[in-house]
Amino acid sequence: MAAITSPQTALAKAAQRYDSLTSIAWRHFRKHRPAMLGVGVLSLLVLGAILVPVVTAYDPGKTHILDKYLPPSAEHWMGTDGLGRDLFVRSMDGGRTSLLVGLSAMVLAILIGTTIGAFAGFYGGLTDNALMRLADIMLTIPTLFLAIVLIQLLRAGVIPFLSAGIAPIVFVIAITSWMPTARLVRASYLSIKQKEFIEAARAAGAKNWRLIIRHILPNAISPIIVAATLRIGAAIITEAGLSFLGMGVQPPAATWGNMLKNAQSEIDYAPWTAIFPGLFIFFTVISVNYIGDGLRDALDPHHVE
Amino acid sequence: MTRYIIRRLIQAIPVLFIISVIVFSLIQISPNNPLSAMQNNPNITPEDLLRLEQEYGLNDPLPVKYSKWLGQIVQGNWGDSFVTHRPVLTEIGERLPNTLYLSLIAFVLALIIAIPFGLISAVRQYSLFDHAVTTIAFMGQSIPIFWFGLILIIVFSVNMQNPLAGTALFPHPPPLPMFPGGGMTTLGESPPDPLVDRVWHLVLPVSMLAVFQLAQHVRYMRAGMLDVLKMDYIRTATAKGLRERAVILKHAFKNAAIPLVTIIALEIPALFNGALFTETIFSWPGMGRLFFNSAERGDYTVLMGILMISATLIIFFNLVADIAYAFLDPRIRFD
């Protein structure tokens, strides 16, 4: 018997054939095993950072001087530090700050980089030249040196709303790391603005800002998403590094970086104070990097379906 | 080529000028007073401090201060440190060679290891070796470098003993750490063979500094090689009967190295970051450490000196990378 396709199944088939780009990307992403593992590990870490400080009996900030430098045990899974604070609980509490700094710095860096890159690529000429020379100059000053000068300046209260808490470090990380994104976005804008559909939109009367945001940006978004993901890991490492040098988030607030600050002098008798906070950084960053890797594959337009 | 190099060198002058203006302003806005160390000195009266501030021109407006500084630089006078009162160039001259010595050894070592590993990994794609190399390289890129330094100290300096302690090579009686956790040479007490001692002190800081570059370079070498191996001219070379060795080393390698050169050029500024952490952890008397201490003390003449010298070095090494391009890829012409 010859099958007669009902209109419903035909529609369903058509819908199946024209999957959205997001669902195609997701299908590819799901197959990238390290990336999925990264999602799992990262979810656990985020969950732990949110829940552990709430449900635990230990106060991450309270000192118990009699319990100082206890090695890892059933009571203190990762041991205690020089002030008797539980390292596991403190790492989870510090994780909130570290993850927040990483995320905020990434958002700010990507916003700055995308804006500068979009303007440079779209307008070209003098604007392009000026903005890209600025990026070149920023890339010629060693980042960490610039960051140290900037952090001191902000912490002294030169810009009042950027002087305390995580604000100065987020700002400094962003201001020293937007350049690669700007170059990437500029290149996409340069090539996309030549396409016919942009000419069509312009002929239909679209203004420049509309072309930049509504027409070009959605077509340039894939590499930005990948760069953004990788930027989180880099930002977490930079925060940790600056805090390790004593230039980041200040104690008593914990971050993975400033927990490592005293660890070096305690390495002979309490190596766990150096090992565990760093392990958290490592697992977070490697998860984020694998997710970025997976996204790069998934968003690659050269997939054969 | 010569004309290209000269043009690039001329282009560097305005860049360095703009950098000096930006950085000088940033340092001057920040409220660290270079004389603050003297404020607690009972032998210096407040009047003396005022007189010194006058003399150094610390209260001059920013443009005046900058033009004074620039005027001196142009004449080759980099000023004196506010803390040690020695010339800035002497201060930097003592530290820069230590930083370069450490960074260059790590840099060369990373390249020497990365190139063959990346090559073999690409040629034997999806083999066990390839999987191991890519996974380890990925881990190396995700590890916080300073934490890796701490782990190296825990393993090799705190927990492992040197089996050669008490022998002719290391006269120090046991217990002696496998590798020292700091310094450039052994201080005091009958030093062993100076060369052995130097290398022995280099092992951990160089490993720490090399790991990130190594991971990065392996990945780029492998990716570059994989791209090139798909090319028609490689198939031609294989088809005409060349041995695999010759195809890979003579035909593929040079083109595959181009992306590696790009990433090396981009990573040069990061070498200074790595050096600061390595010098901090291994108490290495280098330029990064000098910068950090000077920043804490507001010693701006030294800060400006270090920033200008490192920016110049970065520009110089970028130029070297561009020249290396021309060598690797004759299609690139500079004019």
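Numbered from 1 within each chain, the chains take letters A, B, ... in sequence-line order. All figures in this text were calculated on a predicted structure; none of them were measured in a lab. Computation of the quantities below employed the complete heavy-atom set of this structure, encompassing side-chain atoms and omitting hydrogens, waters and symmetry-equivalent molecules.
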Contact between [X] and [Y] at the side-chain level, heavy atoms closer than 4.5 Å - yes or no?
X        : Y        : answer
A:Phe244 : B:Leu150 : yes
A:Phe276 : A:Pro72  : yes
B:Leu276 : A:Ile148 : yes
A:Met78  : A:Phe280 : yes
B:Phe179 : B:Ile153 : no
A:Pro142 : A:Leu146 : no

How many angstroms lie between [atom1] in [X] and [atom2] in [Y], if you round to the nearest 0.5 Å?
X        : Y        : atom1 : atom2 : answer
B:Leu26  : A:Leu153 : CG    : CG    : 6.0 Å
B:Ile309 : B:Leu96  : CD1   : CG    : 6.5 Å
B:Met178 : B:Phe156 : CE    : CZ    : 7.0 Å
A:Leu242 : A:Leu144 : CG    : CG    : 5.5 Å
B:Leu100 : B:Phe107 : CG    : CZ    : 12.0 Å
A:Leu139 : A:Met132 : CG    : CE    : 10.0 Å

Non-hydrogen atoms of chain B under 4.5 Å away: do they reach the side chain of [X], the backbone, both or neither?
X        : value
A:Leu279 : both
A:Met247 : side chain
A:Phe145 : both

Closest-packed option against chain A by number of heavy-atom pairs under 4.5 Å, given [options]:
options                                : value
B:Ile19, B:Leu313, B:Val15, B:Ile315   : B:Ile19
B:Phe272, B:Phe292, B:Phe277, B:Phe146 : B:Phe146
B:Leu303, B:Val23, B:Ile154            : B:Ile154
B:Pro144, B:Gly298, B:Pro269           : B:Pro144

Name all pairs fulfilling the salt bridge (Lys or Arg N to Asp or Glu O under 4.0 Å) condition that reach into residues 142-151 of chain A, sequence neighbours left out, sorted by first residue then second.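 Pairs touching residues 142-151 of chain A that pass the test: none.
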Chain A contact via [X] - side chain, backbone, both or neither, heavy atoms under 4.5 Å:
X        : result
B:Ile143 : both
B:Ile27  : both
B:Met308 : neither
B:Ile268 : neither
B:Ile151 : side chain
B:Leu307 : side chain

Could you tell me which of [options] has the largest number of non-hydrogen atom pairs under 4.5 Å with chain B?
options                                : result
A:Ala240, A:Gly233, A:Ala156           : A:Ala240
A:Ile267, A:Ile236, A:Leu260           : A:Ile267
A:Leu150, A:Ile137, A:Leu245, A:Leu154 : A:Leu245

What is the minimum heavy-atom distance between A:Ile291 and A:Gly38, and which atoms define it?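 Shortest heavy-atom contact: CD1-C, 3.8 Å.
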Across chain B and chain A, going purely by atom type as modelled, what donor-acceptor pairs are there at a distance under 3.5 Å?
residue, atom, partner, partner atom, Å
A:Thr143, OG1, B:Asn273, ND2, 2.9
A:Leu144, N, B:Asn273, OD1, 3.1
A:Gln152, OE1, B:Asn32, ND2, 3.4
A:Gln152, NE2, B:Ala295, O, 3.0
A:Gln264, NE2, B:Ile281, O, 2.7
A:Ala274, O, B:Trp147, NE1, 2.8
A:Ile275, O, B:Trp147, NE1, 3.3
A:Asn289, ND2, B:Ser142, OG, 3.1

